[in-house]
Structures are given as C-alpha cells and as structure tokens.
Number of protein chains: 2
Amino acid sequence: MATIKDVAKLAGVGISTASRVINKSGYVSESTKIKVQDAINKLGYVPNETARAFVTQDSKIVALFLPSIHHAFFSELAYYIEDALDKNGYKMLLCNSTGNIQKELSYISMLKQNKVSGIIGISYNEIESEIHNSMPIVLVDRHIGTIPYVSSDNYGGGKIAFQVLKDTGCQHLAYIGSYSNSVLTEVEKRQKGFEDAAKEDGMDYIIYTEEDPIKDQTAFLKRFLSQYKNVDGVFAENDLMALELFELAKEQNIKVPEELSIIGYDGIKVYEVLKSKLSSIRQPVEVMGRSLVELLIKRIKGSYVTPVIHPVEFVKGETTR
Amino acid sequence: MATIKDVAKLAGVGISTASRVINKSGYVSESTKIKVQDAINKLGYVPNETARAFVTQDSKIVALFLPSIHHAFFSELAYYIEDALDKNGYKMLLCNSTGNIQKELSYISMLKQNKVSGIIGISYNEIESEIHNSMPIVLVDRHIGTIPYVSSDNYGGGKIAFQVLKDTGCQHLAYIGSYSNSVLTEVEKRQKGFEDAAKEDGMDYIIYTEEDPIKDQTAFLKRFLSQYKNVDGVFAENDLMALELFELAKEQNIKVPEELSIIGYDGIKVYEVLKSKLSSIRQPVEVMGRSLVELLIKRIKGSYVTPVIHPVEFVKGETTR
DNA sequence: GTGAAAGCGCTAACAT
DNA sequence: ATGTTAGCGCTTTCAC
C-alpha cells in the first residue's frame, strides 16, 4: 500500500504539499498539483482512513442508534439515512439498543472511544444527558431538552385522523396505543392531536392505552374489541397495531370499514404488497431521513439548528369508508 | 481525556506495562496489575479506538454489505448479525449497495481504506474477486468460487414445497421467480429442488421466471395468473412474491387454497401480524445470522472454514390445504 | 507556494 | 516481569 510519503517522493515534493493536494486545502501551484496527482494515479494511492481518523480524532462515521433495525419503519428510515450519509462522505454504524438502557450506555461509551462524528438516535431512555454537549446528536421523534430533532407532524396527523373518521360517518371514536412514563415521546402527540380535534368538535371518544412497551399486542387488541363493541372508528398509534386490529376484526367477523373504520400511522411501504389495504397517516420517511442527516451535519460543523417537523398526509386504503 | 501515558505515570509503571494490563497480554505481576487498574479507574481511562485501529490496522468493524436494509428478510438478518457481532466485540457498518455495481466497488474501496476486519455480504455482482484474499468475507446465499457462505437449504426447501403441494392434492404445479445471468444465486436452488422433486415424482410442472431484478412484480404475477389458469399449486421464490400473488388471486376471486395453493420462502416475521396467513418454507434467520458471524470471525483469525447450510421447515398458513 | 518536523495514542519489538 | 523506544500515516504548525 502506497503512503503519502511515497506520493511525495515520486512527485518530488514535500509531504505537506502532497497532503494539501489530497485534501484540496491551502495553496498549491497548478503545476505541482498536477505532479502530485500524477503520482497518486501511478501509485494507485488511497488515503489510510484509520490514520486520518486518528490524527483528526474524527472517524467520519455516524452512529444510527435505534431499538431495533428489525422494524419496518426503522429499516426504511435507516435506508434513507445511510444513503444520505454516504452522499456526504460519512459511513453509518448501526446500533440496535433493544431499548435496554445498559446496552445503550455501553454503546455510547464505545461510540466515544471510536470518535464517531455524531449520532442519529431513537432512544427510549434518558441517556441523552450522556451525549449532549459531548457529541453532535439529532433525535428521531423524541423531544428532549434542547436536543434538535426531526419528526413528522404527529399532532397534525392525529387531528387529520379524527377528521377523516368523523367525515366518513363514524360515531364512536377511539384512540389506541401506548404511553411512556419516562420519556415524552412524539408518538403521544398523535393522541393529543386526536383528542384536541375531538374536543373542539365536541365529540366523545375513548382512549385505550397501555404502558410502553406493550408485551402482548394481540391480547391488548382483543381486550379492546370485546370491551368497546360500540366503537366504529379507531385511530391506532402505528400501522402495525392498526393492521393487527384489522386482522382480528376480520377474524371476529366485524366488517371493516362498514362496522369499524381503522386508521394507522406511518404509511410504511413494506405492506404495499398488501395492495394498500390500510388507511394511514403517512410520514414522509425519505424526506425525514435526509433531513436528519442534514441537521446532524450542520451540528457537526458547529451550526445551531432547530427542530424540523414534516407534514403528513392521509392515505386512503380499504379500512375507511 | 486520559491517555495510556497518564495511566502509566499515575501507576508508576512503563507504558508497555500499562498496555499489557489493558490488553491482558503478556506477563504482568498481580501487584502491578492492581496498581494499573487503580490508575485506570481513577482517571476514567478508556482506550482511544482510533489509535488502536491505526496501529493495528484493524478497526474491529465488520461491514454488512447488502442491496438494501429496507427489505424484511435483510433487516431481520441484520438485527441478529449486529447482535452477534456486538457480543464478539465488533461493530457493524451498514452498506446499502442497491445492487449497483459502481456503488459496490466504491464501498469496497472505502472499506479497505477504513481497515474493516471483514465483510458479511450479499451481492448481486461479481465483485467478490475485488475482495477475496484481501479481506475476510462470508457470503449470504451466494456460492462463488471458494468463498465461504451461509445459506438455508434452498434445494431441500424446494423439494419440501413440491411435496407439500402434491400431498395436499394439487395437480398442476408451477414455480415462479427470477433468474440471474451473472451470479449463480442460491435462490435458484429453490427452483432446482422443486424441479428435481417433480421429475422424480413424474409430475408435470411449469417454470415461470423473469430475469432478476423483476421490474414490475405486479404485472409479472398478473400475467402469470391469466396465462396459467389451470395451475392450482404455486411455489414462489420468496414470501413477498407469494404474498402478492395471494392478494392478486383474491382480487380476481380465485379461492385460496381451494382453487390455488401458494407456498412462499423465507418465513419472515414481519408478516406475523397477518396471523401467519402465508404458508412458507421458513429459514432460521437468527441461527443464520449467528452462523455468519461465527464463520467470519474464524476467517478473521485465519482458520479455514467450510460453507454452512441450515435446514428449513415448512410452516403451514392459510394458503395451502 | 513549499518543506521540515512535531506529534496524535497506541502496540510491539527489543533490551534489561 | 518491566521499561524504553521506534514507528504506524497522517495533519498541521511554523519557517523559509
């Protein structure tokens, strides 16, 4: 493997001049620039990134920190984040924290040792204090202190869901989902938007929630169906929950959407093969991914950034009238 | 940030002794070991991994190279791989190659510059020659030259699929999927197993394939349904294809499984919420992930390894009788 | 504009 | 069993 020394020698210049050409930094005359470039080509020189990372104390690696990549929404988001990072010269390290606080802390320690450039994260724990001010970080769908974040318009999405259910003639509405006692999640704003819209409208509604994470979603949903037989319109926290409710309703011969309308949240593409069965509030996943990367890079460069909230849209499937 | 020098000074020992304690290498007396350990604790010392990577020319990072993490089977596999790597002290860099050969090549160059320890990969291209012998690598579901790989028993799975379809009374069978002209994919062995079983049995069958990647799967499947109306048993290349065929059949009022039985391949969990609708040949994803990591680490340590093929099982859903 | 040289923090000979 | 020291390849002052 050729080193910068070899390049300098072959080009007949000093190491720092070679470095300047390689990094396009500082002043180099056109003629020496060409000499160095020639040497680089001849030797097939490529910089040793571990040496660079060591010297600059910056690995040009961004960590994506999430509970599990094995989740439709996250894996779609991860795809776009990786793509955007790559286009900006960063690599992506993937960390499945499994929501376990011990594992999250040990990951953070590892990330510091490896001098990652920054973190894009979703955490269910209050570990942010460990990182903030010591590393650039941008959160997804979490609003903690002054840490910048990117989310979809969860509140607005909740309002839209209410409106759609009402406009399509539902009389007895319910929100189903989970709540968190520790971290204030953006997800809960979906509920808030739904509730506020219902209150403004003066319509009654039911809130059926369990503490996050819900251990047995199937049991949770079955209980809901048997307990609230008169509900004819449901807004579920996310598509996975909505989809399972849809399946359970079919099993119990409840006609969807005639007797029960269902709206999910996410609009994840994995289920496109199902011919868009589910009505849902769709998050602009790709845009969010790019936006996360953009914000993080600004933070890395030291700029101050403000949260970004992306608009959502209702996508009609077959679970609403 | 405390360095190893600080530790050595505080402990009153030489740098290399401190290094020995930190790395548990070489001989160190019990008493000095304790002194060093104390110093480490007092200073809150953690090794600078970029320096280590630089000196050893090994970043302890493994790259997971796949077409797209945004795919149910891959994201599940990635989850288990990351978990196993983490348990072995490795980090995981995620590279979405999008199957594009230019992007794959530029990733490989990047990985070399970053001194990754090894690669776990799925590639649709013949880039393996670029890596082989220059870096430890293990492939998923690809059999290229002498490169070690891990796969499920695709051939056996194909045989099982045939047997199930036949045993449940189907008369006119078909295999649907894709074929590749460049790389010999393990996936095609599913077809081979199916064909061989049919031939042994003496039963006629149809092979309906298109070159990979199939641009418009919906059109592809619709064409199949209209062209082969008498087929009553289908083995599809993967679950996504099987699932869409199922949906299209329903749309066209073809009764599944009465008039048409469908078996997929993968057994991915994302669709569990659908209440196991699809009959499928299930791959042991978790075991495969662990197995990939195990093989790669053996390769990194210089051992010779042989391919590992994991058994599959038929999981009955509602798309077979 | 260009080159010499220091030094990033660590590992691994090598000497003792 | 322990300490000294030479780099690893690069970036970055600092002189010229």
Side-chain angles (χ1 to χ4, degrees), chain A residues 1-40 43-61 89 109-117 300, chain B residues 1-40 43-61 89 109-117 300:
Chain A
M1 281 268 93
T3 69
I4 195 170
K5 224 169 158 179
D6 302 323
V7 172
K9 200 187 296 174
L10 182 61
V13 302
I15 292 179
S16 56
T17 302
S19 176
R20 281 184 202 103
V21 174
I22 292 161
N23 297 294
K24 306 183 205 319
S25 67
Y27 298 93
V28 186
S29 76
E30 205 50 45
S31 59
T32 54
K33 203 177 283 181
I34 289 167
K35 280 193 294 182
V36 173
Q37 200 55 59
D38 277 356
I40 289 173
L43 294 166
Y45 167 80
V46 279
N48 180 330
E49 292 296 332
T50 65
R52 275 190 172 162
F54 172 50
V55 171
T56 60
Q57 292 297 301
D58 176 12
S59 62
K60 288 280 180 185
I61 291 178
S109 157
M110 181 276 279
L111 296 177
K112 283 183 182 167
Q113 291 171 56
N114 281 280
K115 313 293 175 194
V116 300
S117 306
I300 290 171
Chain B
M1 280 265 94
T3 71
I4 195 170
K5 225 169 160 178
D6 302 323
V7 172
K9 199 187 295 173
L10 182 61
V13 302
I15 292 179
S16 58
T17 301
S19 176
R20 282 185 201 101
V21 175
I22 292 161
N23 297 294
K24 305 184 205 318
S25 68
Y27 300 93
V28 186
S29 77
E30 206 50 44
S31 58
T32 54
K33 202 177 284 181
I34 290 167
K35 280 192 296 182
V36 174
Q37 200 55 59
D38 277 358
I40 289 173
L43 294 167
Y45 168 80
V46 279
N48 179 330
E49 292 296 332
T50 64
R52 274 190 172 162
F54 172 51
V55 171
T56 62
Q57 292 297 300
D58 176 13
S59 63
K60 289 281 180 183
I61 291 177
S109 158
M110 182 274 281
L111 297 176
K112 284 182 181 168
Q113 292 170 56
N114 282 279
K115 313 294 174 193
V116 300
S117 307
I300 290 172

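Excluded from the calculations below are hydrogen atoms, water molecules and symmetry mates; all remaining heavy atoms, backbone and side chain alike, are included. Order of the sequence lines fixes the chain letters, A, B, ..., with proteins taken first and strands second; residue numbering starts at 1 for each chain.
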A.B. asks: Between A/Ile15 and A/Thr32, which residue's closest nucleotide on DNA chain C lies nearer the 5′ terminus?
C.D. replies: A/Thr32

A.B. asks: On a heavy-atom basis, which atom in A/Glu49 and which in B/Asn114 lie closest, and how many Å separate them?
C.D. replies: CB-OD1, 3.3 Å

A.B. asks: NZ of A/Lys115 versus C1' of D/dC10: gap in Å, rounded?
C.D. replies: 17 Å

A.B. asks: Should B/Asn23 and B/Arg52 be marked as a side chain to side chain contact (heavy atoms under 4.5 Å, CB included) after you check the CA-CA gap, both sets of side-chain angles, and the distance that decides it?
C.D. replies: CA-CA 11 Å; B/Asn23 297 294; B/Arg52 274 190 172 162; 3.1 Å; yes

A.B. asks: Look only at the side chain of A/Ser19 and the backbone of A/Ile15, and say whether a donor-acceptor pair between them is shorter than 3.5 Å.
C.D. replies: no

A.B. asks: Just the rounded figure in Å: distance from P of D/dT12 to CZ of A/Arg52.
C.D. replies: 10 Å

A.B. asks: How would you list, by chain and number, every residue that makes a side chain to side chain donor-acceptor pair (under 3.5 Å) with A/Asp38, sequence neighbours excluded?
C.D. replies: none

A.B. asks: Looking at A/Lys115, is its backbone amide N or carbonyl O close enough to the side chain of A/Ser59 to form a donor-acceptor pair, meaning the two atoms are under 3.5 Å apart?
C.D. replies: yes

A.B. asks: Taking DNA chain D as the partner, which of residues 20-30 of chain A come within under 4.0 angstrom of it by heavy atom?
C.D. replies: A/Asn23

A.B. asks: Give the C-alpha distance, both sets of side-chain angles, the deciding distance and a yes or no for side chain to side chain contact (heavy atoms under 4.5 Å, CB included) between B/Val7 and B/Val36.
C.D. replies: CA-CA 7 Å; B/Val7 172; B/Val36 174; 4.0 Å; yes

A.B. asks: Please list, in 5' to 3' order, the outermost nucleotides of DNA chain C lying under 4.0 Å from any heavy atom of chain A.
C.D. replies: C/dG1 to C/dG9

A.B. asks: What is the distance from NZ of B/Lys33 to P of D/dG3, rounded to the nearest Å?
C.D. replies: 15 Å

A.B. asks: Using side-chain contact (heavy atoms from CB on, under 4.5 Å) as the criterion, point out the one residue from A/Ile34, A/Val13, A/Val21 that pairs with A/Val28.
C.D. replies: A/Val21

A.B. asks: List for me each residue that meets side-chain contact (heavy atoms from CB on, under 4.5 Å) alongside B/Ser29, sequence neighbours excluded, and say none if there are none.
C.D. replies: B/Ser31, B/Thr32

A.B. asks: On DNA chain D, does the nearest nucleotide to A/Ser16 precede the nearest nucleotide to B/Phe54 from the 5' side, or the other way round? Give the residue.
C.D. replies: B/Phe54

A.B. asks: Between A/Thr50 and B/Phe54, what is the shortest heavy-atom contact and its length?
C.D. replies: OG1-CA, 3.7 Å

A.B. asks: Could you state the atom-to-atom distance from OH of A/Tyr45 to P of D/dG9 in whole Å?
C.D. replies: 10 Å

A.B. asks: Applying salt bridge (Lys or Arg N to Asp or Glu O under 4.0 Å), which residue pairs with at least one partner in residues 20-30 of chain B are found, sequence neighbours left out?
C.D. replies: B/Glu30-B/Lys33

A.B. asks: Could you tell me which non-hydrogen atom of A/Thr3 sits nearest to which non-hydrogen atom of A/Tyr45, and how far apart they are?
C.D. replies: C-CE1, 3.5 Å

A.B. asks: Using a strict heavy-atom distance below 4.0 Å, which residues from residues 3-11 of chain B are in contact with DNA chain D?
C.D. replies: none

